[in-house]
Structures are given as structure tokens and as C-alpha cells.
Amino acid sequence: MTLPGTATSYWIESSAGTSYPTLTEDVDVDVAVVGGGIAGICTAFELTRAGRSVRVFEAGRVAAAVTGHTTGRLSAAHPWIYRPLRERLGAEAARLYARSQQEAVDHVEATASALGIDCEIERRPSHIFTEDEDEADGLRAEADAVKDAGLEAAFVTETDLPFPVAGALRVEDQIQFHPRRYLVGLAEAIVANGGRVHENTRVTDLKEGEPCLLRTEHGAVVRAREVVVATLAPVFEQLRLSTRLSAIRELVVAGPIPADRDPGGMYITRELSTRSVRTAPLPDGRRLLLITGEGFAPGAGHVAERYERLIDWARKHFGATDITHRWSAQDTQTTDTLPWIGRAPGTEHVFVATGYARSGMSHGVMTGRLIADLLTDRTPPWADLYDPSRVHPAHEATATVENVAAIAGHYVGDRISAWTGSVEDVPKGSGRVVTVDGRPCAVHRDEHGNLTAVSATCPHRGCVVAFNDTESTWECPCHGSRFAADGTLLNGPANRPLEPITDLPG
């Protein structure tokens, strides 16, 4: 299936490239930050402002992985979180959540202004909407909870969307912006403040101690008093958080529309496997419409069909006939739906940030401020709310059991269901997991007929990967690790590539 547009993130295409050095020698530092996305860069920036010695270690390029593929929606109006949070943990917890998120939103505008970062900040209302009349009363109750939590919120029945809604929760004074330009500017500020940023520097091992020892894939050793693991999912197994995390993938399509068709705000619904809508300014005066949705688990397949449904929705509702960009994004969600941000369980010097559940922009900014406070002997009032050591058995039990069952099902079932055909039958431009001599092998044939074979066993926890035909990637359905067709590691929690196989028959 041929899809329109280039398979490239608009944020990456429309921002300056970065070229920070790879770490090649042993170093000592106060704080080592693993991960150069929004959480890692914001944390490092706040720490350098506080006078700490900091180095950021990014496996690829700054803000070019998960953060470079987001929608840039910066809002405290997270979908369907406030009412459940108030019912589970009380009104004060909901107020702390709202305050921590809104302060993060405002902090981006203040920081961009202070540093002179041109990242297209636009103050817009943020909406959670429903087209289903049966959902309207629930959304009205959610609006009441959001208002009680301290945000400027209201339930409305009219929006600027080009189709009717049964109701919408509208929260004023939120932000849409260019996330990568903002973070590239912050990275420059980190260096200006005396910090260091290292790209193409994957950290593969962590040993906590005094100091903590980190080792990179190139053999360099980092000695650090404190470590912040700000990766999509914790990449070090000793942190033991993976069974309480689930991975979520979503697709993004984008294309220009006339300025008079701009819906004037940000919109999201959990219907139709999620639909998120916003626009961004284009140099010619038009607006770039960005629509996100079609949430699914990594390895679930049918990606081209999911793109088609998203494109059809954009065309039907917004007249977006010219789709110029498409890309995919990934996030993680904890079993109690709140992120884990703070000291990792069972450690003294390791901090973790994960589980942003489709709201990574405000969570990432808040992470930087929260962890920087904890590392400079300040404790914000919402620290306990996000503490990774918290346990809410009554609220997490079902999700935890479902996660464990799903992982076990994949671990056993995917081996049994591996394709038993011949390697020579793998079609061009596709991949198959083939059982050869009792072992699962991930075999890809490119458009020219050349074969590449790697182990189909994810090095993270041993699950069998599945092929994504649209993006030519191998994906782990258990914890979300992703690999290129040749086995190169793209996303953790794995921190090693798929092993090459050179002895396939035929």
C-alpha cells in the first residue's frame, strides 16, 4: 500500500540539526543524565542553572527520537485523568497534579522568552471532546473535577471543530509549540551553563554505588554521584519497572490547510482509538494540520491500514487533501496511569522518569523541575504523587495482571506461531519471523531481494519480535523495544541490537 507524504517528522525536518561529540574517554561528573529527549534535556538544563556539573548521554541525536515525533501539545488538560485521580487519591492530589502540570506549561513560555528561543509558542485553549451523547455526562463530570483542581475549565457543547460534538471540556491558556526547536535551544543553554551533551553515546550498563558507574557501548566509563534515567522506558533491568509499564504506539499525519480552516485550539478524544488535533504555523501563512491517533501496541501490525484511517479522517473532516508528512510515536503508561518521576525503587543515587501516557510535553518539563529540586535539597509538594516507589494495589492489580498475562502470552505464543515457511519465500520489502532449527529468526528481504537475518529474540527479556511492514522495523510486543530491519536498536528498553545470523539455510 502506497501512503502519501514523506515518512519524516515535521519537527525534525523544520529544525536545526545538532552535532554534539560522542563520549570516547572516561569522565567524572556530578549528575549523569541518560536520555536526550524532553525529560533529560529539561532536567539537565535545570541542574546546570543550579550550578551542578552535568553531562547528557543520548544514544542518537538530541530530541530526535520520541520527543522529535510528538505533536507538541503542551497542556495540563490531560484526557480523563482528574476525576479518577480525585476519586482514588482525593481532591488535594488532583490539585497538586493540576498545579504541577500548569506550572510546567507556563515555565516553557518563560524559559523560551528568557533564552530567546523561537519555538512558535501559541497560547490556545485545549479541549477533550466526545461525539457520543452517552459520554457527555461523564465528560461534564470530568470538567467539574478539572475546575475543582484549579484549572480554568468549562464544559461546552460548541467548538471550532468542523463537525458537531456532544460535548467538550475546554481548558484555557494552554500552549502549542515547536518542541524540537525548544529543546535544541535548551541543549545550547546547557553547554553555555557549563554542562556537556554527548550524542551517539548509548549507555549500556549501570552499577549504582559511590560513585555510580556507567559504561557506554564504545567502552567509556562515566563516574557520577547521581544518575537520571530519562529514557522512554527504563533501560536498566535492575530498576525492575518493566512489568508495570505498557507501551503505546500512535501515528501522526500532517498536511497544510488554509488559515481560515484552523480550528483555533487543541483537541483530543479517546474515541476512534484516539484522535488528537492541532495546527502549526507555516511560512506561507497557511497552517499545518497535525492529527494523531490509531493507538496500538507495538508489533500489532496493520500499520498501513491504520494510517489510511487517519488520513481518511483528516480529509473528511478538515479537507486535508495534501498529506505531506507522516510519522509514528511511542509512549509508555504505568499501571496506575500516573508517571514515575523520582528516586528509583531500591536505590539511593538513581532517578527515573517514565510513563507519560501521551502527555509527555508537560510531564517532561515538570520532570526537569522535580528531579532538579530533589537533587538540590528541595522537595516540591507533588513529589510523593509521582514517586516511583508508590504502590496502589487496589488501583494497579488489574492492569498489572493484564500486563503480565499479555507478556507471558507473547513469550510463549509468538514462538509457537512463528512462520514455518521457507526463508526463500519471504517477499520483497517485507519481513517474517521464521523458525529454523527450533530458533526464531527475524528475516527481512529488501526491495532488491537482499536478505538480512537477525535473532528474533529481543535482548531485553527474550520475547519474539514482529515486523512492521510500513516502517520496516522489528518491534517487541512485550515491552516496546524497536529495531531497524538489520537489527540496529532504535528504541529501548533493550540496550543492545538484535544479534546477526549468518548460517540460515538457502
Side-chain angles (χ1 to χ4, degrees), residues 71 73-91 93-95 97-99 101-102 105 123-176 248 250-252 261-279 289-296 306 309-310 312-320 331 333 336-338 356-359 361-362 395 398-399:
T71 55
R73 175 181 178 272
L74 180 61
S75 172
H78 300 165
W80 301 94
I81 186 73
Y82 286 93
R83 185 185 178 195
L85 180 59
R86 185 177 65 182
E87 291 175 350
R88 288 186 352 238
L89 301 180
R95 284 191 286 269
Y97 185 89
R99 181 181 161 197
Q101 299 302 317
Q102 188 61 46
V105 171
R123 286 280 185 176
R124 296 286 181 96
S126 184
H127 306 75
I128 302 165
F129 72 93
T130 181
E131 296 180 75
D132 186 345
E133 292 289 347
D134 293 337
E135 292 284 334
D137 287 344
L139 189 54
R140 189 187 300 273
E142 176 72 2
D144 290 340
V146 173
K147 188 174 181 179
D148 289 346
L151 298 180
E152 188 179 349
F155 179 81
V156 299
T157 55
E158 298 290 335
T159 71
D160 290 324
L161 287 170
F163 53 86
V165 300
L169 159 59
R170 177 182 172 119
V171 179
E172 304 294 342
D173 210 24
Q174 304 304 295
I175 282 175
Q176 56 189 28
I248 313 160
E250 288 190 315
L251 308 178
V252 184
R261 292 187 193 168
D262 185 353
M266 298 170 282
Y267 300 84
I268 189 169
T269 180
R270 62 184 178 184
E271 296 160 11
L272 301 170
S273 297
T274 307
R275 292 289 185 268
S276 175
V277 179
R278 65 153 288 192
T279 65
L289 175 73
L290 298 102
I291 297 180
T292 309
E294 292 297 317
F296 61 100
R306 300 178 199 275
R309 286 195 292 269
L310 207 58
D312 288 346
W313 196 82
R315 288 170 173 165
K316 174 183 177 181
H317 291 299
F318 294 91
D331 208 342
Q333 179 170 297
D336 71 352
T337 71
L338 292 177
Y356 292 164
R358 299 184 175 102
S359 299
M361 295 295 94
S362 63
H395 310 303
T398 299

> Between CZ of Phe163 and CH2 of Trp313, what distance do you get to the nearest 0.5 Å?
Replying inline: 4.0 Å

> Among Ile291, Leu310, Thr292, whose side-chain contact (heavy atoms from CB on, under 4.5 Å) with Val252 holds?
Replying inline: Thr292

> Can you tell me how far the CG atom of Leu169 sits from the CZ atom of Phe155, to the nearest 0.5 Å?
Replying inline: 9.0 Å

> Heavy-atom distance under 4.5 Å between the side chains of Gln102 and Gln174, does that happen here?
Replying inline: yes

> Closest approach of Tyr82 and Ala149, non-hydrogen atoms and distance?
Replying inline: CD2-CB, 3.9 Å

>> The test is side-chain contact (heavy atoms from CB on, under 4.5 Å); show your working for Val105 and Arg123 and say whether it passes.
In response: CA-CA 10 Å; Val105 171; Arg123 286 280 185 176; 3.8 Å; yes

>> Counting C-beta onward and ignoring hydrogens, is there a side-chain heavy-atom pair between Gln333 and Ile248 closer than 4.5 Å?
In response: yes

> Can Arg306 be said to sit on top of Phe296's aromatic six-ring, NZ or CZ under 6.0 Å from centre and within 45° of the ring axis?
Replying inline: yes

> What's the spacing between Leu85 CG and Arg95 CZ if we round to 0.5 Å?
Replying inline: 11.0 Å

>> Run Phe318 and Arg261 through side-chain contact (heavy atoms from CB on, under 4.5 Å) and show every step you take.
In response: CA-CA 7 Å; Phe318 294 91; Arg261 292 187 193 168; over 6 Å; no

>> Does any part of the side chain of Gln101, heavy atoms only, come nearer than 4.5 Å to the side chain of Ser362, both counted from C-beta?
In response: yes

> Got Glu135 and Glu271 here, is their nearest side-chain heavy-atom distance under 4.5 Å?
Replying inline: yes

> Who are the salt bridge (charged side-chain N to carboxylate O under 4.0 Å, His left out) partners of Arg86, not counting sequence neighbours?
Replying inline: Asp148

> Can you name the nearest heavy-atom pair linking Pro79 to Ile128, along with the distance?
Replying inline: CA-CD1, 3.5 Å

>> Strictly below 4.0 Å, N to O, side chains only: are Arg140 and Glu142 in salt-bridge contact?
In response: no

>> Evaluate Leu139 against Arg83 for side-chain contact (heavy atoms from CB on, under 4.5 Å), listing each step before the verdict.
In response: CA-CA 9 Å; Leu139 189 54; Arg83 185 185 178 195; over 6 Å; no

> In terms of the angle between their ring planes, are His127 and Tyr267 parallel, tilted or perpendicular, with boundaries placed at 30° and 60°?
Replying inline: parallel

> Taking the side chain as C-beta and beyond, is there a heavy-atom pair between Ile81 and Thr337 under 4.5 Å?
Replying inline: yes

>> Do Thr159 and Pro263 make a side-chain contact, defined as non-hydrogen atoms from C-beta onward lying under 4.5 Å apart?
In response: no

> Taking only residues two or more places apart in sequence or in another chain, which ones pass side-chain contact (heavy atoms from CB on, under 4.5 Å) with Arg73?
Replying inline: Thr71, Ser75, Ser126, Met266, Ile268, Ser276

> Can you list the steps and then say if Leu89 with Leu338 is a side-chain contact (heavy atoms from CB on, under 4.5 Å)?
Replying inline: CA-CA 12 Å; Leu89 301 180; Leu338 292 177; 4.3 Å; yes

> Quick one: salt bridge (charged side-chain N to carboxylate O under 4.0 Å, His left out) partners of Asp312, sequence neighbours excluded?
Replying inline: none

> Would you say the side chains of Thr274 and Glu294 form a donor-acceptor pair under 3.5 Å?
Replying inline: no

>> Measuring only between side-chain heavy atoms, which start at C-beta, is His78 closer than 4.5 Å to Tyr97?
In response: yes

> Picking from Thr130, Asp132, Asp137, what satisfies side-chain contact (heavy atoms from CB on, under 4.5 Å) with Asp134?
Replying inline: Asp132

> Does Arg358 offer a backbone N or O that forms a donor-acceptor pair with the side chain of Asp331 under 3.5 Å?
Replying inline: yes

>> If I take atom CD1 from residue Ile175 and atom CZ from residue Arg278, how far apart are they, to the nearest 0.5 angstrom?
In response: 11.0 Å

> Rounded to the nearest 0.5 Å, what separation is found between the CG atom of Leu289 and the CZ atom of Arg315?
Replying inline: 12.0 Å

>> Quick check for you: to the nearest 0.5 Å, what is the distance between Leu151 atom CG and Lys147 atom NZ?
In response: 12.0 Å

